[in-house]
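Let me begin by presenting the structure, written as structure tokens, before commenting on it.
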Amino acid sequence: MAIEDDVIVVGGGVAGMTAALAAADTGASVRLVTKSQSTLRHASGLVDVLGYADEELIADPFDAIGDLPADHPYAKVGVEAVRDGLARFDAVTGDLYRGGHTDANALLPTHGGAVKPTARYPASAAAGLASDERDALLVGFETLSDFDAPLAADHLRAADVPFDVRGATVSFPGAPRADAKITRYAHALDENDDDERERLAARVKRVHEGEPRVGFPAVLGESHHAAVRTALADALDADVFEVPMGPPSLPGMRLEAAYERALRDAGVNVVRRPVDGYESDGDGRLTAALVERNGQRVPHYADAFVLATGGLVGEGIDSDREGVHEPVFDCHVPHPADRYEWFVDDPFGDQPYPRFGVVVDDDLRPRDATGGIEFENLRAAGSVVGGADFAAECSGTGVSLATGDAAGTAAGSDTQ
């Protein structure tokens, strides 16, 4: 049986999910095809737009976007597309996130004691803003080695934050094993079968010296995280916040769940299978994505397509001794022929390879090696688009939101 939709989005990360929602918002029927779950559960849950430019901390990312190079994804879509992408994110997350009241970046402490600029942050982290001058206590757990609260406090003091901060370590109720998954902590506090919330608060009280806010590693519940924080705050008579952690990430899992609900509500069909090729009409238009199923390549037909498979890290861009290429639609990826020009010797230097990706026109359509359009009905979004160093800029999620929203809206509009 033929599978037909107005729009097919390939890739299930923030860019792909945003593109699917944007396309569905135009009235198009949308199918999102992804080989795996999103990487959100491995992310901190913070939403960066632009944190650094030329290694300088950016206070207002919207002021700085206009100074970016012409090949940067933000320069392709423009400032309003960034705002549109953030507005869609705000609609998906609702009360789960903060930061929409201002264009300025917020500064959030991380589990290592660094201070990170970000445009949106979980509501669970709101009381931990580094710009807040109230003193803070950081609390770690003996069996959770990923968060060393005293060391994080030392690093925050060294970063010259405008408040006094201490770190203390307590035992978690029930004494989970040292290799327990973070969901073990979260589920225990969610269920509260053995009064874990009360018992944890009692242990924190022993080290609490009246600081008006208390920070914990981001494990304070998965399904009932707001109730967990409220219970601890009431018991400690202090504002309670979570400190973003490395993977796996509870805030990332909560964000993933919010997007999955939004996709269901929008009527987007989600297929968790790899795309293994394409069909075209030979006249510059894609006709189908070939989806692997039980050893067969099943055509999924559509009028418009969005490529949102990720960059080098997400395997949306492949590299080997023969070169760098995009494996789904075989789009051109410009790169030096000499592999030694892909990087510089200084590990902290300005590396070329993070900017590898497809080159797009102002409508986000990938260009071929001659500068022509690869396919008239294909657009690209997220880190598969070249021109940005997402890690150095702290811009990855913002680019995914802006290009995903723009690509999905354009793709959906083309089918109406």
Side-chain angles (χ1 to χ4, degrees), residues 44-48 51 57-61 93 95-141 144 146-170 172 185 189 197-198 200-221 224-246 249-251 254 394:
S44 67
L46 301 180
V47 176
D48 308 328
L57 182 67
I58 297 298
D60 185 336
T93 56
D95 293 338
L96 192 63
Y97 269 72
R98 299 286 186 271
H101 65 291
T102 177
D103 283 351
N105 277 325
L107 296 175
L108 267 290
T110 68
H111 66 289
V115 177
K116 189 175 189 296
T118 189
R120 297 289 189 274
Y121 48 91
S124 65
L129 290 176
S131 56
D132 190 333
E133 297 185 358
R134 296 178 298 162
D135 293 346
L137 169 67
L138 300 182
V139 176
F141 304 137
L144 188 62
D146 288 347
F147 183 57
D148 185 327
L151 182 61
D154 287 345
H155 288 172
L156 285 173
R157 287 194 299 273
D160 201 25
V161 292
F163 55 89
D164 188 35
V165 55
R166 293 190 306 116
T169 303
V170 302
F172 190 87
Y185 299 87
L189 293 170
R197 301 174 193 176
E198 293 79 2
L200 176 58
R203 297 178 188 195
V204 175
K205 283 182 180 180
R206 299 170 192 161
V207 297
H208 187 213
E209 296 180 359
E211 290 91 347
R213 51 186 182 146
V214 179
F216 293 85
V219 298
L220 300 184
H224 306 295
H225 46 93
V228 172
R229 291 198 315 278
T230 297
L232 292 173
D234 289 346
L236 298 171
D237 192 24
D239 286 342
V240 166
F241 63 93
E242 289 186 311
V243 179
M245 299 282 289
S249 162
L250 261 299
R254 298 168 195 156
C394 285

Residue pair [X] / [Y]: nearest heavy atoms and the distance that separates them:
X    : Y    : answer
P109 : P244 : O-CD, 3.4 Å
A235 : A201 : CB-CB, 3.6 Å
P217 : F141 : CG-CE1, 3.8 Å
L236 : K205 : CD2-CG, 3.7 Å
V165 : R157 : O-NH1, 2.6 Å
A238 : V214 : CB-CG2, 4.0 Å

Could you measure the distance from the [atom1] atom of [X] to the [atom2] atom of [Y]? Nearest 0.5 Å is fine.
X    : Y    : atom1 : atom2 : value
L232 : D239 : CG    : CG    : 12.0 Å
L250 : H225 : CG    : NE2   : 9.0 Å
L108 : K116 : CG    : NZ    : 8.5 Å
F163 : E211 : CZ    : CD    : 11.5 Å
E242 : Y121 : CD    : OH    : 14.5 Å
L189 : R197 : CG    : CZ    : 7.0 Å

Would you please test L129 and F241 for side-chain contact (heavy atoms from CB on, under 4.5 Å) and show each step?
CA-CA 9 Å; L129 290 176; F241 63 93; over 6 Å; no
Evaluate side-chain contact (heavy atoms from CB on, under 4.5 Å) for F216 paired with L200, printing each intermediate quantity in order.
CA-CA 11 Å; F216 293 85; L200 176 58; 4.3 Å; yes
For [Y], is there any backbone N or O sitting under 3.5 Å from a side-chain donor or acceptor partner on [X]?
X    : Y    : answer
R166 : A153 : no
T230 : A226 : yes
R120 : Y97  : no
H155 : G112 : yes

If we only count heavy atoms from C-beta on, is the D135 to P212 side-chain gap below 4.5 Å?
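Yes, their side chains come closer than 4.5 Å.
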Mutual orientation of the aromatic rings belonging to Y185 and F172 [parallel < 30°, tilted 30-60°, perpendicular > 60°]:
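Ring orientation, 0 to 90° scale: perpendicular.
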Identify, with sequence neighbours excluded, every residue that meets side-chain hydrogen bond (donor to acceptor under 3.5 Å, both in side chains) alongside T118.
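Here the qualifying residues are D48.
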Among I58, L46, L57, find the residue that satisfies the side chain to side chain contact (heavy atoms under 4.5 Å, CB included) test when tested with P117.
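Of the listed options, the one satisfying the test is L57.
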Neighbour count above 12 (heavy atom, 6.0 Å) for D234 CG:
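It does: D234 CG has more than 12 such atoms within range.
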